[in-house]
Structures are given as C-alpha cells and as structure tokens.
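Residue numbers begin at 1 in each chain, while the letters A, B, ... track the order of the sequences.
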Amino acid sequence: MNFKCIKELSGALTESFLGATAINNVEILPELCPPNMTGDITVNCFRLARDLRSKPDVIAEKAIAFLEGHEDVLSVERVKAFVNLSLTSKALYTETLADTDELLKDAVLDDADKVKTLIEYSAPNTNKPLHLGHLRNNTLGMALVSLLRRVGNDVTAVNLVNDRGVHICKSMLAYKLFGDGTTPEKAGKKGDHLVGDFYVKFDEELRKQIKELKENNSDFAEKSDEELFAKTEIGAAAQETLIKWESNDPETIELWKTMNSWVLKGFDETYERMGIKFDKVYLESDTYKLGKDIVLKGLKDGIFKKRDDGAIFADLKKYKLNEKVLLRPDSTSVYITQDIGTTLLKYNDFHPEKQIWVVGDEQIHHFKTLFSIMKELGYNWADNLYHLAYGMVNLPSGKMKSREGTVVDADNLFDEMVELAKQATLERCNGEIPENIDNRSEIIGLGALKFMLLKFNPKTTIMFDPQASIRFEGDTGPYVQYVCARINSIQRKAEDQFGKDVCEGNIDWELLDTKWERKLAILSAFYKNTLLASAEKLDCSGLVAFLINLAKAFNSFYRECSVLNAETVELRKARLALSASVRAILKDGLNTLTINIPEAM
RNA sequence: GUCCCGGUAGCUCAGAGGAUAGAGCAUCUGACUUCUAAUCAGAGGGUCGAAGGUUCGAAUCCUUCCCGGGAUACCA
C-alpha cells in the first residue's frame with residue numbers, strides 16, 4: 001500500500017518534469033523518516049533525479065509545493081533533497097491499519113508480474129539423517145515457496161531424493177556385515193538415524209582397512225584414501241553392491257528397498273514436524289537413467305562432440321566454461337547427465353516459466369554448467385533457470401563433518417530447542433502448567449530455529465554457535481510471537497471485562513495520536529513493498545527484519561500506552577483495533593516464513 | 001593459476017550511490033503493587049580489510065593489493 005498523497009505526487013512530478021505524454025508515472029517508494037528528523041516518511045529526491053531528468057533540489061522544491069497544499073499532509077520539511085512529510089492521522093490510518101484486510105490483500109504482484117515457478121529443495125541422501133545444513137536448505141526452500149505463493153505466484157514444490165549410488169551401498173553393506181538383523185523397531189530408533197549409524201560404521205571400518213593396507217604394503221603408504229578405497233575389502237564390496245544393485249540383484253534390491261523405506265519414513269517425520277509438503281517427490285532411482293538419450297540426440301544434432309576415446313562432451317567455450325563430459329567412454333552417465341534429464345522431466349511435468357534449485361553454494365559451478373548445456377540444447381525456457389546458492393553452516397569448532405561426529409543433528413536440535421522453550425514457559429507460569437504446553441513449546445522452539453536461519457541473507461556463510469544461537473530473547477522468532485501472544489491476552493481480557501462486543505462499532509482512528517501509535521501505522525505501510533522486495537530477491541531476511549521492527553514498535557507502544565486502562569472507551573476501542581491490526585500483519589508475515597504462533601506464551 | 005562469495009562495534013549480522021553507518025548479543029545504568037519483564041528506557045563501543053579512482057555525495061560503483069571461504073572431476 002502506498003499513500004494516496006505519494007501516488008498523486010508521483011503523477012504531479014511526472015507530468016511536471018516529463019510532460020503529460022509520459023507513459024508511466026515515475027515510481028516513488030518513500031522511506032521511513034529517520035528518528036532525528038521530523039516527519040513520518042521521506043521522499044528521497046536524489047533518487048528521483050535520473051528518472052525525472054532534473055536536479056534533486058528542483059524536484060524537492062516541486063514536491064514541497066505540491067505536498068504543502070495536500071489535504072493528507074500535516075507538514076513538510078525539506079533537508080537538502082530529502083522531503084520529510086507528516087501525514088494527518090486520518091490519512092495515515094485510513095490507508096494502513098484501519099483496513100488491514102485490504103492492506104494484506106493488496107500485498108501481491110500485479111497479474112502481469114506473476115510467474116509460474118517450480119522450486120526444488122531439500123534433495124536429501126538416503127544414507128544418513130538430516131543435519132543442520134539440510135535444515136538451512138529446508139527452511140530456505142519452504143519459506144521461499146511460501147513467500148512466492150504469498151505474493152501471488154503459482155508455485156510447485158518438488159523434492160529429488162538421492163536414493164541410489166555408492167553412498168547408499170555403504171550403509172547397506174555395513175548393515176549386512178554388522179546389522180545383525182536389527183530394525184528401527186528393534187533398535188528403538190528413527191529409521192534414518194539407524195541407517196546413518198551404519199554409514200558411520202562403514203567409514204570406521206574403511207579407515208581401519210586403509211590403515212592396515214598402508215602398514216602392510218609400502219607401495220600404498222603414499223597413496224590417498226580415495227585411491228585405496230577399491231583396494232580395501234569393504235570398499236571393493238561396496239562397489240560390488242552397486243553393480244549388483246544396477247543389475248537388479250533381487251537380494252540387493254530387497255535390502256535397498258527395506259533400508260530406504262526406513263530412511264524415508266524418518267525423513268517424513270522430520271518434514272512433517274517442519275511443516276514441509278512437496279507437490280511431487282522424485283526418486284533418483286527412477287530418474288538416474290534420464291538424460292542419456294538427450295545427450296545422444298544432442299550428439300546426433302551436432303550440439304555435443306565425441307572424443308577419440310568415445311566420451312561425449314559439451315564444448316562450453318562461449319560460456320567461458322571448460323569442456324564437460326556428459327557420457328563416459330563406457331557410455332555411462334555422470335552426475336550432470338541426470339540433471340539434464342530431471343530438468344527436462346520437471347519442465348514436462350509442470351511447464352513452469354521458471355525453475356529454482358535451492359542448493360548449497362559449492363555447486364555454483366555445476367549449475368552454471370547445467371544451465372549452459374540446457375541453453376545449448378535449445379530450450380527456450382533455459383534462460384529462466386536459477387540456482388539459489390546458500391552458504392554453509394559452520395560451527396565455532398569449524399565445519400560440520402559427519403565422519404568426525406561434529407554434525408548437529410536436525411531432530412536432536414529440534415528436541416533441544418523445544419525443550420528449552422518448554423523450560424522457559426514453565427519458568428514464567430508460576431507452577432501452573434498450561435494444558436497445551438507441548439504444542440506451545442513446539443511452536444516456539446521451531447519458530448526460533450526457522451527465524452534464526454531466515455534472518456541471514458541466504459548467501460552468507462552462517463556461524464552457528466549453539467550457545468548463542470538457541471535464544472528466545474532479542475531479535476528472535478519468539479520475540480515476534482510474544483507480541484502476538486500479548487495482543488491475544490489483551491483481547492481476551494478486554495472481552496472478559498467489557499464483553500464480546502468490546503471492539504464493535506465505529507473506530508475513531510484519529511484518537512491514536514501518540515508517536516508510538518503512529519509509528520505502528522507508518523511501519524505497516526511498508527509491509528507490501530517488503531514482501532514484494534523479498535520475493536523479488538528470493539531472500540526472506542528483509543521480511544524478518546520488518547517483523548522485528550514492527551514487533552519492537554508494538555512493545556514500545558505497549559509500555560507507553562495502556563489499552564485496557566485507556567482514558568476513554570473510544571480510545572480503548574481504537575487501541576484494541578490497532579493491536580488487532582498489528583497482530584494480523586505479524587501473523588501474515590510469520591506464516592509467510594512458515595512460522596506458527598502460539599495462543600499464549 | 002583462474003573464477004565465485006565474503007571482510008562493517010568485543011561477537012553474530014543488517015545496510016536501493018544519499019542525512020550524524022544500524023540491530024541483537026555481550027558490558028554498564030535504570031524500570032515489574034502495572035494490559036505477560038521471552039519486555040521496555042538509556043550509556044559506552046567504528047580507520048566499514050588497505051590504497052588509489054569515479055561522483056555534488058562511496059560501506060555501497062571501478063582498479064590494484066591483503067586476508068578468509070568455496071569452486072575449478074569421467075564424485076554426488
């Protein structure tokens with residue numbers, strides 16, 4: 001929502017500087033007026049100078065002249081080419097919190113700007129449970145899906161599960177060797193954790209065998225672990241398992257199915273806890289052969305080339321990329337071959353205008369290569385493929401490494417957050433245990449975690465300090481949730497004291513004239529642009545910051561202005577309505593970030 | 001070597017070429033007989049990695065350099 005006087009100013013300035021024939025009015029996005037200046041919002045005429053083809057000062061003068069006479073404007077002040085204006089209470093509230101339904105409904109893209117989008121995220125391997133790194137992926141992915149839908153796009157969310165390959169065979173082999181017929185039920189463990197244990201077990205055994213090789217054979221002493229993999233008994237067996245899998249060996253397939261079902265069941269629990277739903281889940285075991293035909297056809301069409309040894313490759317010089325092998329000399333696929341296939345598969349399944357991959361930034365080069373190849377293949381939609389590359393999550397002790405046991409397990413982290421939320425809740429309820437304490441703690445704990453992960457710009461590498469990151473105070477999810485809980489509480493008490501119809505009838509918004517009340521209205525005016533800018537940048541961190549600021553402004557208001565003990569009935573009604581409107585925006589924002597709100601805290 | 005991403009307060013991070021560079025945490029001072037203190041009000045804390053350049057104006061754009069991370073596979 002943009003204020004009427006700003007829209008009219010835009011028209012007036014456009015006509016004045018560009019003439020009546022200008023096709024579109026110059027867009028004016030006002031800024032929040034800084035605290036040391038007098039005014040509600042600021043029109044920055046420096047920024048308008050280029051579009052209006054005039055000097056900032058001249059534009060500012062013109063803007064002042066127009067705004068001074070405007071009925072919605074209380075006062076204007078010019079500092080250099082900044083035009084600071086205060087709005088009348090009537091204009092301020094009418095166009096913001098007095099009609100929050102409209103404000104929220106209006107916060108969508110124009111139809112022409114809506115894009116049918118397909119987002120792939122999560123993409124787990126079925127050999128170990130999810131850890132904090134996956135959590136960042138999942139949180140970014142689900143929030144992005146939610147945000148793009150919120151502003152009106154048609155979005156399809158898909159997952160591509162990496163359920164085959166030598167890493168899966170490692171877990172399978174370790175299970176065969178050391179599993180002793182255990183199951184998740186027998187072990188009392190989630191399936192993904194159980195399988196992950198065998199993956200670790202495989203690695204332990206592998207390292208032991210590599211060490212023995214090096215000790216017993218001086219030829220091997222200088223070799224890398226990777227070179228020695230196939231020389232170890234267990235490494236060779238893992239490769240053999242993969243060959244058996246690929247040739248459909250019944251026993252191998254049976255074990256693979258069993259263990260994968262354990263893992264997937266475990267993932268489903270984790271997804272459900274986070275609130276993740278995919279429109280479609282692709283399994284790599286179904287899709288890994290795709291792509292080969294496309295490459296062979298590309299060779300026939302002269303798009304790809306064949307090397308003397310038989311390998312087929314793409315020449316990507318014109319994209320400033322190296323040659324990329326697409327089929328090995330033995331004509332087997334490589335990683336990118338599958339991706340060519342699944343990209344096309346996803347396109348054919350959903351016909352999106354844009355495809356987004358939420359994948360870590362170590363794969364930037366891979367996606368550049370993939371997108372270039374899709375362009376070479378001549379798909380006209382290949383210009384709208386986008387890799388949302390997010391940074392790693394590091395610990396104070398350094399990188400997370402499964403092998404060294406330094407990963408932060410996702411399920412354990414959830415439990416820890418929820419338990420801390422529960423303790424914090426219990427501490428403040430004077431021995432009286434709320435009936436829905438578990439549900440409440442779940443919402444607070446997960447909200448804190450998601451909010452923390454979304455606070456950062458996706459491309460930054462996050463430092464996750466368990467001590468510092470698990471917090472419920474300061475700019476955290478619970479801080480915003482708490483404001484909603486406070487408003488709920490006020491609402492309940494108001495109804496108890498003054499009856500259910502406490503907020504009915506006309507609201508006189510102009511009674512809300514303190515700086516704390518006005519601040520809430522001013523901030524709320526920026527909600528639409530915040531959402532749209534976040535969606536455009538594919539980055540929720542701006543929305544997170546907005547919610548913190550609005551929540552902060554409410555807490556200040558809460559201290560300074562009593563709702564239930566307001567001086568008059570009319571004022572009380574107006575403040576109740578104000579609070580309800582703020583809550584509606586906070587709820588809309590948190591829900592867009594896929595964060596829930598507890599009834600009370 | 002080449003390419004990509006970072007470097008802003010003690011720490012973690014925000015900062016559409018625009019006003020005196022901000023927030024949270026930590027430290028310090030104050031506020032619960034009060035609509036929920038998971039809160040609020042305030043203080044201290046900065047050579048925006050360095051040096052040049054462009055501009056009326058640079059943390060932001062350009063160049064060079066330094067530091068950290070990643071990529072540069074016929075691994076996934």
Mind checking A:Asn162 for me? I need base, sugar-phosphate or nothing, with any heavy atom below 4.0 Å counting as a touch.
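It contacts nothing in the nucleic acid.
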Indicate, with a heavy-atom threshold strictly under 4.0 Å, whether A:Asn555 touches base, sugar-phosphate, or nothing.
sugar-phosphate
Would you say A:Tyr479 reaches B:U36's phosphate, i.e. side-chain N/O to OP1/OP2 under 4.0 Å?
no
Whether A:Ser556 contacts B:C40 is assessed here as follows: a side-chain N or O lying under 4.0 Å from the phosphate OP1 or OP2. Is that the case?
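For B:C40, neither OP1 nor OP2 has a side-chain N or O of A:Ser556 closer than 4.0 Å.
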Ring pair (Phe, Tyr, Trp, His ring centres under 6.0 Å) pairs, two or more places apart, involving residues 307-340 of chain A:
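Sorted result for residues 307-340 of chain A: A:Tyr335-A:His366.
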What pairs with A:Arg486 under side-chain contact (heavy atoms from CB on, under 4.5 Å), at least two apart in sequence or on another chain?
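So A:Arg486 forms a side-chain contact (heavy atoms from CB on, under 4.5 Å) with A:Tyr482, A:Asn555, A:Tyr558.
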Set of side-chain contact (heavy atoms from CB on, under 4.5 Å) partners for A:Pro458, sequence neighbours left out
A:Leu140, A:Tyr390, A:Asp539
Tell me every residue that passes salt bridge (charged side-chain N to carboxylate O under 4.0 Å, His left out) with [X], counting only those two or more places apart in sequence or in another chain.
| X | value |
| --- | --- |
| A:Asp465 | none |
| A:Glu31 | A:Arg47 |
| A:Lys346 | A:Glu120 |
| A:Asp496 | none |

I'd like a table of donor-acceptor pairs (distance under 3.5 Å, sequence neighbours excluded) in which one partner is a side-chain atom from residues 561-573 of chain A, with atom names and distances.
from, atom 1, to, atom 2, distance (Å)
A:Ser562, OG, A:Asn565, N, 3.1
A:Thr568, OG1, A:Leu571, N, 3.0
A:Lys573, NZ, A:Glu504, O, 2.9

Indicate for each nucleotide in nucleotides 8-19 of chain B, in 5' to 3' sequence, whether protein heavy atoms under 4.0 Å reach the base (B), only the sugar-phosphate (S), or nothing (-).
----SSS-B-BB
What pattern of brackets, bars and dots sums up RNA chain B from 5' to 3', given Watson-Crick or G-U wobble pairs under 3.5 Å, [ ] for crossing pairs and | for another strand?
(((((((..((((....[...)))).(((((.......))))).....(((((..]....))))))))))))....
Residues in contact with RNA chain B, drawn from residues 324-335 of chain A - heavy-atom cutoff 4.0 Å
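The stretch gives A:Lys324, A:Val325, A:Arg328, A:Pro329, A:Val334, A:Tyr335 as the residues lying under 4.0 Å from the strand, ordered by number.
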Any residue in residues 490-499 of chain A with a heavy atom nearer than 4.0 angstrom to RNA chain B? Just list them by number, or reply none.
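Nucleic-acid contacts, sorted: A:Ile490, A:Lys493.
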